Amino acid sequence: MSAPISASDSSHAERRQQVASALRERLPDGRVLSDPEDTRPYECDGLAAYRQLPLIVTLPSSEAEVLAIMDVCRELNVPIVPRGAGTGLSGGALPIADGVVISTARMNRIERVDAYARTAVVQPGVRNLAISEAAAPFGLYYAPDPSSQIACTIGGNVAENSGGVHCLKYGLTVHNVLRVRVATIDGEIVELGGESLDAPGLDLLAVFIGSEGMLGIVTEVTVKLVPKPAVAQVIMASFDDVVTAGNAVANVIAAGIIPAGLEMMDRTSVRMVEPFVKAGYDQDAAAILLCEADGTALEVAEEIERMSAVLEKAGATAIAVSQSEAERVRFWSGRKNAFPAAGRISPDYYCMDGTIPRKQLARVLSAIEGMEQTFGLRCANVFHAGDGNMHPLILFDANQPGEFERAEAFGAAILALCVEVGGTITGEHGVGMEKINSMCVQFGRKELDAFFEVKRAFDPLMLLNPDKAIPTPHRCAEFGKLHVHGGELPFPDLPRF
């Protein structure tokens, strides 16, 4: 016998039917998914521990269809959650039970590549890597390269201000996007930025990039393309402890060298990746650094020589330099596959994302080692060492009672430490739902109120990805950290590091 249908279930079903009918009147066939089984693939993003079935999923293929969906949602007061490829790791695309998901996956056309202006105009559903593939015949490529670049979309990159292993030299999404077309909750299209060197008025493009779908929905993006370097080589440097490796990162930057990429992996990361990718990593090292130089042959040779000298002086126990393009790609493949490789040694992992000053790398890495003992969980560290953007992978087993809660507490403690040493709670994964409590640690009430005022300026109805990224006063009160600037950690029983 089936369970009786409650009044709340009945009203939810009626609401679904009402919204679906209104949407189907405005959209072509096949654009609206309302059956719960059809919407289940959209119940989470890459943060799979948080799940919620949406009311409706929509699949627009044009800007006009996005506007039609937003018109219906505005008229019926329905919340909207934008979604790209669902590769995000902070719950930014987590659905709302009574809300509509707008998936831009079908808006995947590359409108044009202008080799002379070195730009590409693309729809939001275009994959990150597809932009570089389209630009390759012109000797150009799109520089930001998140680990998920084979799948993640440019619309999602704009929402999260994504980076990648080459962001140290070439910048994040905000440094490589010139213009976006945005559908507003009022049903209008606005253009932010432009293809000239500067755009008139306030820099709203920079405000919008990284806003996690809370201010509008991207319908078109103009990106900057850069020439493909003539030569690139990677140094793999081994170290006998993570503190020495962390200090070596600071020494490279202090020497006036800005590598194309400067990444670090600890022994746990190396040993979980190497059997999976066979990248040629030194599994005996406590940590390895990957340092890339690109440019002309002479520039690369000089920079490799300078970096090698700095790394040797900093205490590197071994140095290997890629001798072919295939070997360079293989060195990077290990770093880019760190997340999936975690599944080889742990049933589950929780990927954190915090940023710290480079000079604090050694201190924070040592602290994380101590936290492993405190929480009784292992942590594999992989991160963009050059700009201090850390991605600790906390390993746990969700089938063991209490382990996920300990993993969350471990992650929150890492983020609190990032703030304590002068850093921030995110670098490129966004806040979403995952770090919303940690926002109470980083910011005071006046700052959070200012963030809300920006959101209200774009979204007075508060329908766009509500209850994400910016915590309410009630949430911060519940978290018990309205006055975190007095120095308290969110877990007072933890030792300070």
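Heads up: numbering here begins at 1 and tracks the sequence. Everything quoted here is computed from the prediction, not taken from an experiment.
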* Are any non-hydrogen side-chain atoms of Ile253 and Leu262 less than 4.5 angstrom apart? -> yes
* Asked: Got Met272 and Arg344 here, is their nearest side-chain heavy-atom distance under 4.5 Å?
  -> no
* To do: Go through the steps to decide whether Val421 and Val364 satisfy the test side-chain contact (heavy atoms from CB on, under 4.5 Å), and finish with yes or no.
  => CA-CA 8 Å; Val421 300; Val364 171; 4.1 Å; yes
* side chain to side chain donor-acceptor pair (under 3.5 Å) pairs, two or more places apart, involving residues 240-253 -> Asp241-Thr244
* Asked: Distance from Gln149 atom CD to Ser162 atom OG, nearest 0.5 Å?
  -> 11.0 Å
* Judged by modelled atom types alone, do Glu434 and His429 share a side-chain donor-acceptor pair under 3.5 Å? -> no
* Should we say atom CD of Glu133 is surrounded by more than 12 heavy atoms from elsewhere, each under 6.0 Å from it? -> yes
* If you measure from CE on Met371 to SG on Cys379, what distance do you get to the nearest 0.5 Å? -> 9.5 Å
* Quick one: sort the Phe396 and Phe404 rings into parallel, tilted or perpendicular, breaks at 30° and 60°. => tilted
* Asked: Is there a side-chain contact between Glu212 and Glu160 (heavy atoms, below 4.5 Å)?
  -> yes
* To do: Kindly indicate, with the supporting measurements, whether the criterion side-chain contact (heavy atoms from CB on, under 4.5 Å) is fulfilled by Leu47 and Leu94.
  => CA-CA 9 Å; Leu47 186 64; Leu94 180 72; over 6 Å; no
* Asked: Is the side chain of Arg378 donor-acceptor paired with the backbone N or O of Leu395 at a distance under 3.5 Å, no angle test?
  -> no
* To do: Take Phe443 and Phe451, measure what ring pair (Phe, Tyr, Trp, His ring centres under 6.0 Å) needs, and give me the verdict at the end.
  => CA-CA 10 Å; Phe443 299 105; Phe451 297 159; 5.1 Å; yes
* Asked: Does any N or O in the side chain of Arg267 come within less than 3.5 Å of the main-chain N or O of Asp284, such that one atom is a donor and the other an acceptor?
  -> yes
* Structure fact -> Separation between OG (Ser333) and CZ (Phe276), nearest 0.5 Å, reads 9.5 Å
* To do: Look at the rings of Tyr141 and Tyr170 and say which category their plane angle falls in: under 30° parallel, 30 to 60° tilted, over 60° perpendicular.
  => perpendicular
* Okay, side chain of Asp145, backbone of His166: is any donor-acceptor separation there less than 3.5 Å? -> yes
* So, do Val242 and Glu369 sit near enough that their side-chain heavy atoms are less than 4.5 Å apart? -> yes
* To do: Please report the shortest heavy-atom distance between Pro82 and Ile217, naming the atom on each side.
  => CG-CG1, 4.0 Å
* To do: Could you list the residues that satisfy ring pair (Phe, Tyr, Trp, His ring centres under 6.0 Å) with Phe138, not counting sequence neighbours?
  => none
* Structure fact -> Nearest heavy-atom contact between Asn157 and Pro146 is ND2-CG, 4.2 Å
* Asked: Within a strict 4.5 Å, meaning less than it, do heavy atoms of the Leu415 and Gln442 side chains meet?
  -> no
* Begin with the C-alpha distance, continue with both residues' side-chain angles, and end with the deciding distance and a verdict on side chain to side chain donor-acceptor pair (under 3.5 Å) for Thr222 and Arg179. => CA-CA 5 Å; Thr222 301; Arg179 179 187 68 97; 2.9 Å; yes
* Asked: Judged by atom type as modelled, is there a donor-acceptor pair below 3.5 Å linking the side chain of Asp353 to the main-chain atoms of Gly427?
  -> yes
* Does the side chain of Val329 come within less than 4.5 Å of Glu325's, by heavy atoms? -> yes
* Asked: Would Arg363 and Glu420 count as a salt bridge (charged side-chain N to carboxylate O under 4.0 Å, His left out) if you check the C-alpha gap in whole Å, the side-chain angles of each, and the deciding distance to 0.1 Å?
  -> CA-CA 12 Å; Arg363 173 186 173 186; Glu420 182 184 329; 3.2 Å; yes
* To the nearest 0.5 Å, how far apart are CG in Leu365 and CD1 in Ile356? -> 6.5 Å
* To do: Could you tell me which non-hydrogen atom of Pro144 sits nearest to which non-hydrogen atom of Asn176, and how far apart they are?
  => CG-ND2, 3.5 Å
* **Any donor-acceptor N/O pair, Asp45 side chain to Gly91 backbone, under 3.5 Å** => yes
* Asked: With Lys169, which residues qualify under side-chain contact (heavy atoms from CB on, under 4.5 Å), at least two apart?
  -> Ile258, Ala260, Asp294
* To the nearest 0.5 Å, what is the distance between OG (Ser211) and NZ (Lys468)? -> 12.5 Å
* To do: Start with the C-alpha gap between Arg456 and Glu453, add the side-chain angles, then the distance that decides, and say whether salt bridge (charged side-chain N to carboxylate O under 4.0 Å, His left out) holds.
  => CA-CA 5 Å; Arg456 289 190 186 96; Glu453 287 305 309; 2.8 Å; yes
* Asked: Would you call Arg475-Asp467 a salt bridge at under 4.0 Å N-O?
  -> no
* Which atom of Ala338 lies closest to which atom of Val382, heavy atoms considered -> CB-CG1, 3.9 Å
* To do: Please check if the side chain of Gln283 supplies one atom and the backbone of Tyr281 the other of a donor-acceptor pair under 3.5 Å.
  => no
* Asked: Looking just at side-chain N and O atoms, do His391 and Glu263 make a donor-acceptor pair shorter than 3.5 Å?
  -> no
* Could you tell me whether the side chain of Arg127 and the main chain of Ile150 form a donor-acceptor pair under 3.5 Å? => yes
* **Backbone of Gly444 reached by a side-chain donor or acceptor of Glu447 within 3.5 Å** => yes
* To do: May I have the step-by-step check of side-chain contact (heavy atoms from CB on, under 4.5 Å) for Leu361 and Phe383, ending in yes or no?
  => CA-CA 10 Å; Leu361 278 172; Phe383 50 91; 3.5 Å; yes
* Structure fact -> CG (Asn465) and NZ (Lys455) are apart, to the nearest 0.5 Å, by 7.0 Å
* **Distance-minimising heavy-atom pair for Gly411 and Ile394** => N-CD1, 3.5 Å
* Asked: Are the side chain of Tyr42 and the backbone N or O of Gln52 linked by a donor-acceptor pair below 3.5 Å?
  -> no
* To do: Side-chain contact test, heavy atoms from C-beta onward, threshold under 4.5 Å: evaluate it for Val270 versus Asp282 and give yes or no.
  => no
* Heavy-atom donor-acceptor pair, Gln360 side chain to Pro357 backbone, under 3.5 Å -> no
* Atom CD of Glu405 with >12 non-hydrogen neighbours under 6.0 angstrom -> yes
* **Side chain proximity check, Asn381 to Thr268, heavy atoms < 4.5 angstrom** => no
* Structure fact -> Tightest non-hydrogen contact, residues Leu448 and Ile470, listed as O-CG2, 4.0 Å
* Asked: Between Leu289 and Ile235, is a side-chain contact (heavy atoms from CB on, under 4.5 Å) present by the stated rule, with each step listed?
  -> CA-CA 8 Å; Leu289 293 182; Ile235 296 173; over 6 Å; no
